[in-house]
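What you see is a predicted model, and the numbers here were worked out from it, not measured in a lab.
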Amino acid sequence: TVTIDTGASVTLRDADGDDYYDIGTADELYAFAAEVDGGNTAINGELTADIVLNENLADKVNVAEGGTVSADASVRKWTPMGGAGGCEYKGTFDGGNHTITGLYSVEGESTYGGLIEWLAPEGTVKNLKIRDFCLESNYSGAIAGQNNGKIIGCSISDTGIFNGSPELYGGQFGGIVFENLSQVTDCSISANLSLEGAGEFGGIAHTNYYGTVTGCSNSGTVTGTYYVGGIAGYTDGTVSGCYNTGIVSGDATGDYSYAYVGGIAGDGCGTVSGCYNIGSIDSGTYSGGIAAIAYDGTYDDCYYLDTCVKSGNSENSSTDGITAMSVDQFASGEVAYLLNGDQSTITYRQTLGTDAYPGFTGGTVYQVENCKEEPVYSNTNENIGHQWVNGTCTVCDLVCGHSGGTTKPTDNGNGTHGYDCTVCGTAVTGEHTMDITTGKCGECGADMTAIATVTDGTNTYYAADAATLNQAVTAI
């Protein structure tokens with residue numbers, strides 16, 4: 001039993017005996033944090049329900065001149081659990097795909113903000129969703145301030161407000177984590193991340209400091225100053241299999257002289273592979289479809305939409321391994337195929353004809369050949385034959401000879417009938433004729449309508465009209 005912020009006493013329970021404390025209410029979440037900060041840093045917790053800490057938090061946040069944020073007196077504040085000095089969180093926190101709404105994090109003991117201040121190498125946060133939050137600390141991420149452990153399968157949605165600073169390097173923020181020194185995997189941002197004042201920003205992490213960010217995406221809005229990236233503001237670690245479709249923008253503000261704005265990273269001096277960006281990039285100074293500063297990094301299989309950079313000087317954004325692609329190349333599946341490299345691991349998928357760009361769900365994209373033996377892309381691993389329209393192939397202009405049989409004969413009543421060509425599917429009229437000795441089509445054997453029959457006592461002849469009646473009489 002622990003005492004929480006309201007003065008209430010709360011007892012945590014493990015109802016199913018799985019070595020995870022059950023967290024189903026706001027009070028139980030505060031009690032869990034109190035246990036961790038009291039020294040039980042290796043305990044495990046799991047959300048058993050969605051938890052609301054503050055309703056309509058954005059309406060209760062005040063922004064002062066210069067960007068400093070504060071909250072109304074009615075807001076229930078959160079002190080990040082797992083601070084420095086021996087209290088780093090070492091357990092596993094499993095969100096169970098539940099959501100924490102209305103997190104208002106004040107500054108922790110080490111100036112970091114978020115649900116967790118320091119995640120230790122033994123620590124893991126997974127399957128957690130956070131929506132509508134505000135981080136008061138100048139060094140913040142919604143999940144953690146600093147990550148030395150593992151953050152897996154977490155997502156941020158709706159609105160996130162960050163407390164900027166007019167001072168040089170005064171605010172540094174990440175949607176998931178401020179500083180990543182370990183692993184962030186399969187996390188996503190779909191929130192409008194609003195920075196009040198000045199500060200550096202990364203959609204997933206501000207700083208990926210020799211860590212790895214893998215399989216992550218941002219579809220939200222990221223705005224900042226100095227280093228700004230859809231995935232990372234600054235990375236000298238590894239970013240792989242990540243993409244950005246959201247708007248990323250920045251401008252030099254206050255003491256900042258430059259803004260480096262990139263679809264994946266502001267400054268990408270590490271290793272970046274298998275990443276793409278189609279989100280709009282706006283910068284008052286330097287910009288890049290993948291990274292605003294790319295020349296000192298290592299890039300492989302990275303692609304960006306050739307029209308995504310709307311403003312800014314992109315002179316430092318080009319290097320080997322980064323390629324501009326058109327809207328059609330994204331929609332066709334070509335980029336999805338290229339992002340998957342040697343195809344031994346399929347990271348990107350795309351349902352062609354439905355998805356305008358790749359993602360982590362959808363159909364597998366294969367490279368096959370069309371009728372001109374050119375490479376094209378398909379969700380089935382088979383070469384694509386002629387594409388017939390009205391008997392002509394739209395790819396190679398071949399005209400079909402209509403040599404196929406019939407599946408839907410149309411009897412014209414005059415000894416001829418039409419058919420659907422089994423090669424191109426075109427409806428052909430009047431090319432097949434009745435055999436007067438059988439009463440069926442002489443070409444395909446289809447039944448036909450006879451207006452009369454004539455017999456010589458041994459043989460019967462069939463007539464479809466006056467002309468074939470004369471043929472039958474003549475035959476007798």
Could you walk me through whether F330 and Y357 pass ring-ring contact (aromatic ring centres under 6.0 Å, His included), step by step? CA-CA 5 Å; F330 273 96; Y357 49 84; 7.9 Å; no

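- The two atoms that bring N147 and Q183 nearest to each other are ND2-O, 3.1 Å, heavy atoms only.
- Smallest separation of non-hydrogen atoms from G262 and V248: O-CG1, 3.8 Å.
- Between I100 and L53 the shortest side-chain heavy-atom distance falls below 4.5 Å.
- Nearest heavy-atom pair, I143 versus I130, reported as atom, atom and distance to 0.1 Å: CD1-CD1, 3.7 Å.
- Of all non-hydrogen atoms in A232 and T235, the two that sit nearest each other are CB-CB, 4.3 Å.
- Side-chain rings of W118 and Y89 stay apart, their centers remaining 6.0 Å or farther from each other.
- Y104 and F133 have their aromatic ring centers separated by at least 6.0 angstrom.
- Every residue meeting the side chain to side chain contact (heavy atoms under 4.5 Å, CB included) condition with T380, not counting sequence neighbours, appears here in chain and number order: S378.
- By the 30° and 60° cut-offs, the orientation of the rings of Y260 relative to Y226 is perpendicular.
- Two rings, from Y276 and Y304, have their centers 6.0 Å or more apart.
- Across N379, T361, T364, a single residue satisfies side-chain hydrogen bond (donor to acceptor under 3.5 Å, both in side chains) together with R349, and that is T364.
- In this structure, F178 has its ring center no closer than 6.0 Å to that of F173.
- Ring to ring, Y348 and Y337 are not that close: their centroids are 6.0 angstrom or more apart.
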Begin from the C-alpha positions of Y209 and Y234 and carry the test ring-ring contact (aromatic ring centres under 6.0 Å, His included) through to its verdict. CA-CA 8 Å; Y209 187 67; Y234 170 89; 7.7 Å; no

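- Qualifying side-chain hydrogen bond (donor to acceptor under 3.5 Å, both in side chains) partners for S344, counting only residues two or more places apart in sequence or in other chains: D342.
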